[in-house]
Asker: 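Please find one structure pasted underneath; my questions will follow.
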Protein chains: 2
Amino acid sequence: MADAIYEPEPAAIELGSVLDALSDPMRLRMVAELHARGEVICRTLGPAEMPKSTRSHHLKVLREAGLTRTRVEGTERHVRLRYTCLENRFPGLLESVLKAAAS
Amino acid sequence: MADAIYEPEPAAIELGSVLDALSDPMRLRMVAELHARGEVICRTLGPAEMPKSTRSHHLKVLREAGLTRTRVEGTERHVRLRYTCLENRFPGLLESVLKAAAS
DNA sequence: TCGTATGTTCGATCCTAATCGAACCTTACC
DNA sequence: GGTAAGGTTCGATTAGGATCGAACATACGA
């Protein structure tokens with residue numbers, strides 16, 4: 001379906017890319033949803049009426065920023081937050097953002 | 001020199017605005033510099049060769065997002081981080097960002 | 001009062017990113 | 001193989017923001 005799925009190694013995750021990814025309201029919402037729901041099938045993430053090309057775009061930004069990991073399962077993509085990885089790289093960052101987004 | 005300086009009250013600070021303000025590389029750098037230097041004169045913040053209209057723009061975004069406070073001193077503006085205020089509103093957020101930016 | 005220094009605002013330009021339909025690719029299933 | 005479903009990529013459009021010069025406003029000092 002696609003070429004190699006690029007995901008940065010923990011050490012390669014950049015603060016600027018993470019902040020940039022989180023600065024979009026829709027992506028922030030998707031990240032919060034991933035945190036609440038755990039691993040999720042791509043198609044079920046975000047507003048149901050969102051066009052799949054738009055969803056694919058946002059997930060690509062999140063993945064390339066190092067925020068999510070994607071697992072191929074048949075024709076589906078299973079997506080989850082790289083929570084522990086992010087916490088190791090930037091301690092407290094994702095935790096505080098998620099707590100702030102929940103309130 | 002200017003009209004009323006708008007700065008949001010602590011409770012009115014929004015996560016989206018903060019993330020958006022921090023997602024710009026130049027503003028992130030300015031925030032890190034403010035953290036390192038404490039209160040500074042507007043004109044001395046950021047690259048010396050930055051046009052003052054650009055500097056003024058970035059400081060406006062930071063101020064309206066709730067990240068900085070501006071104090072008028074004669075013809076100058078003294079700027080500082082609203083660190084404690086931000087920590088109260090979004091615990092751990094600014095701290096983790098600054099720590100990440102420093103590394 | 002006249003100039004000078006500090007910032008702000010305005011307006012124009014330019015660039016990036018968000019959005020989304022259409023075409024395409026891969027897998028599953030018959 | 002044929003078809004359908006899940007996602008990706010491409011291309012075009014559009015909106016928003018970064019940048020910066022120029023004009024303006026304010027405060028201070030000669």
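Every chain is numbered from 1, with letters handed out A, B, ... down the list of sequences.
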Asker: Write down the distance between NE2 (B/His78) and C1' (C/dA5), rounded to a whole number of angstrom.
Answerer: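 That distance rounds to 13 Å.
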Asker: For the residue pair A/Pro8 and A/Glu14, establish whether any side-chain heavy-atom pair is separated by less than 4.5 Å.
Answerer: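 With C-beta onward as the side chain, the pair stays apart.
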Asker: For A/Met30 and C/dT19, give me the distance from atom CE to atom C1', rounded to whole Å.
Answerer: 13 Å
Asker: Quick one: is C/dA18 close enough that its OP1 or OP2 comes under 4.0 Å of any side-chain N or O from A/Thr54?
Answerer: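 For A/Thr54, the contact criterion (side-chain N or O under 4.0 Å from OP1 or OP2 of C/dA18) is not met.
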Asker: Would you indicate which nucleotide in D/dT8, C/dA18, D/dT19 comes nearest to any side-chain atom of A/Asp24?
Answerer: C/dA18
Asker: Does A/Arg77 place a side-chain N or O at less than 4.0 Å from the phosphate oxygens OP1/OP2 of D/dG7?
Answerer: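 So the side-chain polar atoms of A/Arg77 never come under 4.0 Å of the phosphate oxygens OP1 or OP2 of D/dG7.
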Asker: Within the 3.5 Å criterion, strictly below it, is a donor on A/Arg80 or A/Thr70 matched to an acceptor on the partner's side chain?
Answerer: no
Asker: Assign B/Leu59 to base, sugar-phosphate, or nothing according to its heavy-atom contacts below 4.0 angstrom with the strands shown.
Answerer: nothing
Asker: Side-chain contact, heavy-atom cut-off 4.5 Å: A/Asp20 with B/Asp24?
Answerer: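 The answer is no; the side chains never approach within 4.5 Å.
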Asker: Nearest whole Å is fine: how far is C/dT8 P from B/Glu76 CD?
Answerer: 12 Å
Asker: Separation of B/Leu62 atom CG from C/dG7 atom P, in whole Å?
Answerer: 15 Å
Asker: What's the closest nucleotide to the side chain of B/Lys52 if the choices are D/dA23, D/dG6, D/dA27?
Answerer: D/dA23
Asker: Going by side chain to side chain donor-acceptor pair (under 3.5 Å), B/Arg37 matches just one of B/Glu39, B/His35, B/Glu33. Which one?
Answerer: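 Running side chain to side chain donor-acceptor pair (under 3.5 Å) over B/Glu39, B/His35, B/Glu33 with B/Arg37 returns exactly one hit, B/Glu33.
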Asker: Could you state the CZ-P distance from A/Arg55 to C/dG21, rounded to the nearest angstrom?
Answerer: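 Answer to the nearest Å: 13 Å.
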Asker: Flag the pair A/Arg71 and A/Glu73 as a salt bridge only when some basic side-chain nitrogen lies within less than 4.0 angstrom of an acidic carboxylate oxygen.
Answerer: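 Yes, this pair counts.
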Asker: Does C/dA17 have its OP1 or OP2 closer than 4.0 Å to a side-chain nitrogen or oxygen of A/His58?
Answerer: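 The answer is no; no side-chain N or O of A/His58 sits under 4.0 Å from OP1 or OP2.
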Asker: Rounded off to whole Å, could you give me the CZ-to-C1' distance for the B/Arg29 and D/dA18 pair?
Answerer: 16 Å
Asker: Over how many whole Å does the gap from A/Glu64 atom CD to D/dT8 atom P extend?
Answerer: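 Answer to the nearest Å: 11 Å.
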Asker: Which nucleotide wins on minimum distance to the side chain of A/Ser56, given the candidates C/dG7, D/dA27, D/dT8?
Answerer: D/dT8
Asker: Base, sugar-phosphate alone, or nothing: which one does B/His57 contact when heavy atoms must sit under 4.0 Å apart?
Answerer: base
Asker: From CZ of A/Arg43 over to P of C/dT27, roughly how many Å is that when rounded to an integer?
Answerer: 17 Å
Asker: Is there a donor and acceptor pair, one atom on the side chain of A/Ser53 and one on the base of C/dG21, closer than 3.5 Å?
Answerer: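 Answer is yes: a donor-acceptor pair is held.
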Asker: Ignoring backbone atoms, establish whether A/Arg27 has a side-chain N or O less than 4.0 Å from OP1 or OP2 of C/dA18.
Answerer: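 Looking at the OP1 and OP2 atoms of C/dA18, one of them is under 4.0 Å from a side-chain N or O of A/Arg27.
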